[in-house]
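Each remark here refers to the structure printed beneath this line.
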Number of protein chains: 2
Amino acid sequence: MSDRKHLHLRLAVDLAILTVREELLQVLVIERAHDPYQGKLALPGGFLRDGENLSEAATRELREETDLDGNSLHLEQLKTYGDPGRDPRGRVVSVAYLALAPDLPIPRAGSDARSAHWAPVTSVAGTLAFDHDTILKDAVERARGRLEYTTLAAAFCQKRFTIGELRRVYEVVWGIPLDARNFNRKVLHTEGFIESTKEKRSQDTGRPAELYRRGTAQWLRPPMMRPPTADEKR
Amino acid sequence: MSDRKHLHLRLAVDLAILTVREELLQVLVIERAHDPYQGKLALPGGFLRDGENLSEAATRELREETDLDGNSLHLEQLKTYGDPGRDPRGRVVSVAYLALAPDLPIPRAGSDARSAHWAPVTSVAGTLAFDHDTILKDAVERARGRLEYTTLAAAFCQKRFTIGELRRVYEVVWGIPLDARNFNRKVLHTEGFIESTKEKRSQDTGRPAELYRRGTAQWLRPPMMRPPTADEKR
DNA sequence: ACAAAAGTGTTCCTTCTACACCCATGA
DNA sequence: TCATGGGTGTAGAAGGAACACTTTTGT
């Protein structure tokens with residue numbers, strides 16, 4: 001029944017897994033064990049299997065590359081990349097997914113023995129295999145936008161987190177400092193963004209901070225304002 | 001070189017072409033000439049061809065179904081749909097594109113003799129072939145969001161348009177009335193949204209309105225505020 | 001003259017911005 | 001006691017929401 005006159009191809013699912021780690025926006029990369037691009041860094045991914053839908057494939061790849069189940073992080077479809085020639089092995093179209101993860105215990109190497117590790121986005125940008133530089137650029141852009149309009153910044157945090165940690169997420173992802181007082185007010189006055197637990201957490205130094213958990217709100221209305229990117233008037 | 005152990009499939013590109021027409025949000029649908037779903041309405045689309053990238057395929061389909069070149073409207077990738085079983089002919093993954101078009105001269109029938117026509121979104125929702133109801137729902141949601149944060153409302157208008165026409169785009173896509181005075185102020189004070197031509201346009205009745213063209217700005221900052229969708233507090 | 005759509009101003013309120021000090025803890 | 005990060009209030013500015021009347025044309 002399959003119509004032979006149309007192009008047949010393979011479908012890959014690639015993951016841009018972002019986290020905030022050591023005050024930097026980092027991405028999970030693997031070192032490619034085989035050609036093409038042997039030894040180069042790339043985003044984790046793999047081919048779609050029979051009977052699997054796209055988000056199942058993304059979740060499976062995620063599990064294979066990290067110790068995480070898809071429940072403990074945010075996973076959304078990013079964009080699909082299908083230029084002919086993007087994969088030297090033949091016609092491969094890739095559906096990219098964006099994951100926002102808390103600062104994980106170091107991911108184990110993937111089951112296929114490729115070594116997976118975190119790398120700062122700025123240090124791998126421009127060096128990835130295939131068209132993964134483009135995917136990563138789009139992923140970072142999407143993540144930046146998500147912080148403006150949604151409550152997804154909390155997806156970068158552990159189950160319990162302080163407002164300072166949440167603010168650091170914004171500062172690291174946007175690459176700009178924010179006013180702590182204004183940020184606190186905004187976050188606390190946005191119904192459903194974060195919920196107070198009664199706990200506090202002490203650190204090496206400084207006053208212990210109150211711990212919060214994610215609220216139920218999905219959207220930030222009005223959005224979290226991001227200062228103009230230096231191409232703004234007035 | 002093609003690795004046979006991985007799933008091979010066909011890739012479709014489907015188009016959700018939206019316009020504002022007769023005070024309604026309408027979508028271009030075709031009546032399917034062949035099985036599966038013969039006689040049912042569906043979004044226009046087709047299979048990816050050899051050597052073609054995704055946006056080329058989308059532009060080609062657009063040209064085949066309407067008289068438009070891709071230049072005179074906005075075309076963006078929407079989302080990719082790949083559930084197994086979404087197409088009874090076999091494994092087909094579809095990359096959906098969203099187009100925002102001005103009120104076009106009635107589109108010609110597609111070259112493959114399927115009749116293409118505009119239909120109000122509300123009247124076809126829930127009746128389309130394949131998973132096109134889902135695609136259309138996502139397309140409308142994306143379009144609604146685009147109006148909030150970008151200047152793309154003008155993509156629904158002709159080259160020259162009045163502020164009233166632009167406001168009607170918002171009202172029709174969002175399904176709510178807007179205050180004309182506040183809308184005028186917002187639009188005129190947002191640098192680069194619209195540019196004044198010195199022309200005016202008379203209609204059957206009423207005072208002639210000044211004509212504008214699209215400006216160069218891509219983003220609306222701050223965004224155009226959309227009243228809460230009735231699941232808001234306070 | 002009248003019907004129809006365009007255009008215009010002000011007040012109030014909310015939210016953003018900028019800014020400086022005290023608090024609670026560990027070393 | 002000091003170093004460190006947490007937490008708080010206020011005044012000014014900008015933008016959003018609500019609201020009614022005058023202007024310009026065709027008939």
Side-chain angles (χ1 to χ4, degrees), chain A residues 22-23 147-149 157 160-172 174 176-191 193-194 196-212 217 219-229 232-234, chain B residues 23 147-149 157 160-172 174 176-191 193-194 196-212 217 219-230 232-234:
Chain A
E22 293 161 1
E23 306 282 295
L147 296 203
E148 291 190 71
Y149 305 118
C157 298
R160 300 297 156 90
F161 55 90
T162 69
I163 299 187
E165 288 168 346
L166 188 64
R167 176 165 44 83
R168 238 157 280 133
V169 167
Y170 276 91
E171 293 177 328
V172 166
W174 284 354
I176 51 165
L178 295 180
D179 183 276
R181 286 162 295 186
N182 293 337
F183 184 85
N184 275 31
R185 220 166 358 88
K186 170 77 178 177
V187 163
L188 290 170
H189 288 189
T190 301
E191 196 76 22
F193 194 169
I194 57 177
S196 168
T197 72
K198 299 284 186 138
E199 312 158 60
K200 287 178 190 278
R201 176 199 296 160
S202 289
Q203 318 158 77
D204 309 3
T205 180
R207 172 175 171 176
E210 183 159 3
L211 289 172
Y212 295 83
W219 299 94
L220 281 183
R221 310 229 336 221
M224 184 78 68
M225 288 302 193
R226 169 157 54 153
T229 339
E232 211 85 13
K233 67 222 94 280
R234 192 191 280 279
Chain B
E23 305 282 296
L147 296 204
E148 291 191 71
Y149 305 118
C157 296
R160 302 296 157 91
F161 54 90
T162 69
I163 298 186
E165 287 167 347
L166 188 65
R167 176 165 43 84
R168 237 157 280 132
V169 167
Y170 276 90
E171 294 178 327
V172 166
W174 284 355
I176 51 166
L178 295 179
D179 183 276
R181 285 161 297 184
N182 293 338
F183 184 84
N184 276 30
R185 223 170 354 90
K186 172 76 177 177
V187 163
L188 289 171
H189 289 188
T190 301
E191 196 76 21
F193 194 170
I194 57 175
S196 169
T197 72
K198 298 284 188 142
E199 313 159 58
K200 287 178 190 276
R201 175 198 296 160
S202 289
Q203 317 159 79
D204 309 3
T205 179
R207 173 176 170 174
E210 184 158 1
L211 289 172
Y212 294 83
W219 299 94
L220 280 183
R221 310 232 333 226
M224 184 77 67
M225 289 302 192
R226 169 158 54 154
T229 339
E232 211 84 13
K233 68 225 95 276
R234 192 192 281 278

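Order of the sequence lines fixes the chain letters, A, B, ..., with proteins taken first and strands second; residue numbering starts at 1 for each chain. What you see is a predicted model; the values in this text were computed from it and never measured. Values below: every heavy atom of this structure, side chains too, minus hydrogens, waters and symmetry copies.
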CA sep, side-chain torsions, deciding dist, call: Glu210(B), Thr162(B), side chain to side chain donor-acceptor pair (under 3.5 Å) = CA-CA 6 Å; Glu210(B) 184 158 1; Thr162(B) 69; over 6 Å; no
Test Tyr170(A) against Phe183(A) for ring pair (Phe, Tyr, Trp, His ring centres under 6.0 Å), laying out the working first.
-> CA-CA 10 Å; Tyr170(A) 276 91; Phe183(A) 184 85; 5.4 Å; yes
Going through the checks in order, is the salt bridge (charged side-chain N to carboxylate O under 4.0 Å, His left out) test met by Arg160(B) and Glu165(B)?
-> CA-CA 10 Å; Arg160(B) 302 296 157 91; Glu165(B) 287 167 347; over 6 Å; no
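Separating the CD atom of Glu199(A) from the P atom of dG6(D) is a distance of 17 Å, rounded to the nearest angstrom. The nearest whole Å value for the distance from the CG atom in Leu178(A) to the C1' atom in dC16(C) is 13 Å. If you measure from atom CZ of Arg201(A) to atom P of dG5(D), you get 14 Å, rounded to the nearest angstrom. In this structure, CG of Leu220(A) is placed 13 Å from P of dT15(C), rounded to the nearest angstrom. In this structure, Glu191(B) atom CD and dG15(D) atom P are separated by 12 Å, rounded to whole Å. Atom C1' of nucleotide dA14(D) and atom CE of Met225(A) are separated by 10 Å, given to the nearest angstrom. At whole-Å resolution of the value, CG in Leu188(B) and P in dG9(C) are 12 Å apart. Atom CZ in Arg221(A) sits roughly 15 Å away from atom C1' in dT15(C) (whole-Å rounding).
Inspection of the Arg185(B) and Asn182(B) side chains reveals an N or O donor paired with an N or O acceptor under 3.5 Å.
For the residue pair Ala217(A) and Phe193(A), the shortest heavy atom distance occurs at CB-N, 4.2 Å. Minimum heavy-atom separation, Thr197(A) to Leu211(A): OG1-O, 2.7 Å. Listed here is the closest heavy atom pair of Leu147(B) and Leu220(B): O-CD1, 3.9 Å.
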Scoring nucleotides 19-27 of chain C by protein non-hydrogen atoms under 4.0 Å (B base, S sugar-phosphate only, - none) yields BB--BBBS-
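Using a 4.0 Å heavy-atom criterion, one finds that Arg168(A) contacts the sugar-phosphate atoms exclusively.
Mapped onto DNA chain C by nearest heavy atom, Met224(A) and Asn184(B) fall at different nucleotides, with Asn184(B) at the one closer to the 5' end.
Nearest nucleotide to the side chain of Ala209(B), out of dT17(C), dA17(D), dA6(C): dA6(C).
Considering only side-chain N and O atoms, Lys186(B) lies under 4.0 angstrom from the phosphate OP1 or OP2 of dG16(D).
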